[in-house]
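Numbered from 1 within each chain, the chains take letters A, B, ... in sequence-line order.
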Number of protein chains: 2
Amino acid sequence: MNDSLLNRSRKRDALLFLTDDQLLQGIELMYFAYKGFTSDPDKILQNHTYGRAHHRAIHFINRHKGLKVNDLLDILGITKQSLNRVLRQLVDDGLVESRVGVKDKRERNLYLTEAGTALDRELSDAQRARMRKAYRAAGPDAVQGFRIVLEQIMDNETLHHLRRLEKDRTND
Amino acid sequence: MNDSLLNRSRKRDALLFLTDDQLLQGIELMYFAYKGFTSDPDKILQNHTYGRAHHRAIHFINRHKGLKVNDLLDILGITKQSLNRVLRQLVDDGLVESRVGVKDKRERNLYLTEAGTALDRELSDAQRARMRKAYRAAGPDAVQGFRIVLEQIMDNETLHHLRRLEKDRTND
DNA sequence: TATAATACGTCAGCAATATTGACTTTCCAA
DNA sequence: TTGGAAAGTCAATATTGCTGACGTATTATA
């Protein structure tokens with residue numbers, strides 16, 4: 001009797017994280033956390049008259065040095081016209097270098113210049129500081145859960161894409 | 001001797017989630033997860049010629065029925081001019097009702113109409129389905145960690161703001 | 001009661017980021 | 001040598017944010 005009550009209670013608790021209200025809370029957490037997540041770099045970008053799009057391009061060019069324009073297009077999931085506007089600015093401003101491909105001369109390999117690397121570091125420092133603070137406060141187990149859930153939230157193709165990039169990256 | 005080596009190794013492992021590379025991976029997870037997180041509603045919104053801003057307004061008006069325009073401005077962190085454009089559309093289209101405040105006639109209390117509630121449900125269903133799937137696949141412990149880290153990532157003021165709203169909401 | 005402050009709404013102009021569509025140049029590959 | 005891929009470009013449009021300047025109704029205060 002008591003066992004049955006206890007079991008039912010445990011079952012309810014175990015499933016509580018799937019109620020609509022819990023899901024809606026999760027949705028709001030995502031919204032507010034993302035807002036905080038981008039706020040520090042956004043402040044820095046303002047001083048350079050750049051925006052989120054520039055940060056994204058700089059970030060991925062740094063993480064995957066020498067990547068092709070098409071790769072960046074795939075990662076960001078925007079049109080080449082949108083990317084081109086941003087990329088042209090960064091190249092004109094001397095933050096990004098676009099080198100003709102070695103194997104295939106149609107391709108362009110993207111690299112950060114010294115100035116580009118400096119801005120990346122500035123942006124990355126701010127964003128990593130926030131993440132480090134959050135990770136430290138939350139602890140390793142929470143961080144593990146955080147990662148698992150985020151991977152589940154994103155599109156499967158994106159996850160595979162990311163895994164492939166991660167593999168390429170460490171094999172450099 | 002062996003103990004000391006082992007301990008150092010364990011210490012390193014315990015802190016591994018704080019290396020720059022781990023932090024950068026976390027940053028990319030946030031980026032890609034948020035993208036997936038908004039993709040389903042965005043598809044729906046396109047059919048209605050609405051955007052993310054409309055979704056956000058609808059979501060929070062539904063979650064905090066009768067909230068004042070100023071409250072919504074605080075939550076969203078945008079200017080009243082930006083919000084007003086979106087809000088005016090929603091009111092004109094008959095999705096949102098703006099009622100004169102009872103206690104203070106300067107205030108406007110916002111409510112979803114029947115049509116507004118229907119669109120909210122459509123958007124919310126899609127977003128909750130993705131979250132439910134992710135939560136279910138990740139399990140309760142991971143979800144707990146997910147929540148803890150996200151709360152740490154956002155601004156402290158935002159968190160307090162959210163907690164206050166959550167309290168108001170359940171006290172309705 | 002006269003005046004200040006608040007809540008809301010609105011107009012105009014500007015900027016960043018995204019879109020679609022059309023077109024060119026360069027280069028690789030069948 | 002011809003077709004297609006990779007990259008770059010021009011033009012037009014939409015969404016969402018911003019600043020600055022006003023106006024109106026209502027409440028609070030001196």
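Rounded to an integer number of Å, the gap from NZ of B:Lys68 to C1' of C:dT6 is 11 Å. Straight-line distance from the CG atom of B:Leu76 to the P atom of D:dC18: 10 Å, rounded to whole Å. Atom pair B:Asp74:CG and C:dT6:C1' shows a separation of 14 Å (rounding to whole Å applied). Distance, B:Arg108 CZ to C:dC8 P: 8 Å, rounded to whole Å. Counting to the nearest Å, the P atom of C:dG9 and the CG atom of B:Asn109 are 11 Å from each other. Following rounding to the nearest Å, A:Asn84 (CG) and C:dT25 (P) show an atom-to-atom distance of 16 Å. In this structure, A:Arg99 atom CZ and D:dA7 atom P are separated by 16 Å, rounded to whole Å. In this entry the distance linking CG of B:Leu87 with C1' of C:dG9 reads 10 Å, nearest Å.
Counting only residues at least two apart or in different chains, salt bridge (Lys or Arg N to Asp or Glu O under 4.0 Å) contacts with residues 22-33 of chain A comprise A:Glu28-B:Arg63. Legend: salt bridge (Lys or Arg N to Asp or Glu O under 4.0 Å) pairs involving residues 66-81 of chain B, not counting sequence neighbours, sorted by first then second residue: B:Lys68-B:Glu107. Pairs of residues two or more places apart, or lying in two chains, that qualify as ring-ring contact (aromatic ring centres under 6.0 Å, His included) and include a residue from residues 115-149 of chain B are B:Tyr135-B:Phe146. Applying the salt bridge (Lys or Arg N to Asp or Glu O under 4.0 Å) test to pairs two or more places apart or on separate chains, those with a residue in residues 130-146 of chain A are A:Asp40-A:Arg130, A:Arg130-B:Asp155, A:Arg132-B:Asp20. Residue pairs that meet the salt bridge (Lys or Arg N to Asp or Glu O under 4.0 Å) test with at least one member in residues 46-62 of chain B, sequence neighbours left out, are B:Asp42-B:Arg52.
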Under 3.5 Å, which N/O atoms of the protein pair with N/O atoms of nucleotides 28-30 of chain C?
| from | atom 1 | to | atom 2 | distance (Å) |
| --- | --- | --- | --- | --- |
| C:dC28 | OP1 | A:Lys105 | N | 3.2 |

Every protein N/O within reach of nucleotides 12-19 of chain C N/O, cut-off under 3.5 Å:
| from | atom 1 | to | atom 2 | distance (Å) |
| --- | --- | --- | --- | --- |
| C:dT17 | OP1 | A:Gly51 | N | 3.4 |
| C:dT17 | OP1 | A:Arg52 | N | 3.0 |
| C:dT17 | OP1 | A:Ala53 | N | 3.2 |
| C:dT17 | OP2 | A:His54 | ND1 | 3.4 |
| C:dA18 | OP1 | A:Arg56 | NH2 | 2.5 |
| C:dA18 | N7 | A:Arg85 | NH2 | 2.8 |
| C:dT19 | OP2 | A:Thr79 | N | 2.8 |
| C:dT19 | OP2 | A:Thr79 | OG1 | 2.7 |
| C:dT19 | OP2 | A:Ser82 | OG | 2.9 |

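For D:dC10, the OP1/OP2 oxygens have a side-chain nitrogen or oxygen of A:Arg88 closer than 4.0 Å. Look at A:Asn70 and you'll find a side-chain N or O under 4.0 angstrom from OP1 or OP2 of D:dA7.
Here A:Tyr31 pairs with nothing under the side chain to side chain donor-acceptor pair (under 3.5 Å) rule; sequence neighbours left out. Evaluation of the side chain to side chain contact (heavy atoms under 4.5 Å, CB included) rule for B:Asp125 yields B:Arg121, B:Arg128 as partners, not counting sequence neighbours. B:His59 meets the ring-ring contact (aromatic ring centres under 6.0 Å, His included) test with no other residue; sequence neighbours excluded.
Proximity of a side-chain donor or acceptor of A:Gln127 to a complementary backbone N or O of A:Phe37 within less than 3.5 Å is detected.
DNA chain D is contacted by no residue of residues 34-47 of chain B, taking any non-hydrogen atom closer than 4.0 Å.
Using a 4.0 Å cut-off between charged nitrogen and carboxylate oxygen, A:Arg163 and A:Glu151 count as a salt-bridge pair.
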Side-chain donor-acceptor pairs of residues 110-119 of chain A under 3.5 Å, sequence neighbours excluded:
| from | atom 1 | to | atom 2 | distance (Å) |
| --- | --- | --- | --- | --- |
| A:Thr113 | OG1 | A:Gly94 | O | 2.6 |
| A:Thr113 | OG1 | A:Leu95 | O | 3.3 |
| A:Thr113 | OG1 | A:Ala115 | N | 3.3 |
| A:Thr113 | OG1 | A:Gly116 | N | 3.1 |
| A:Thr117 | OG1 | A:Thr113 | O | 2.8 |

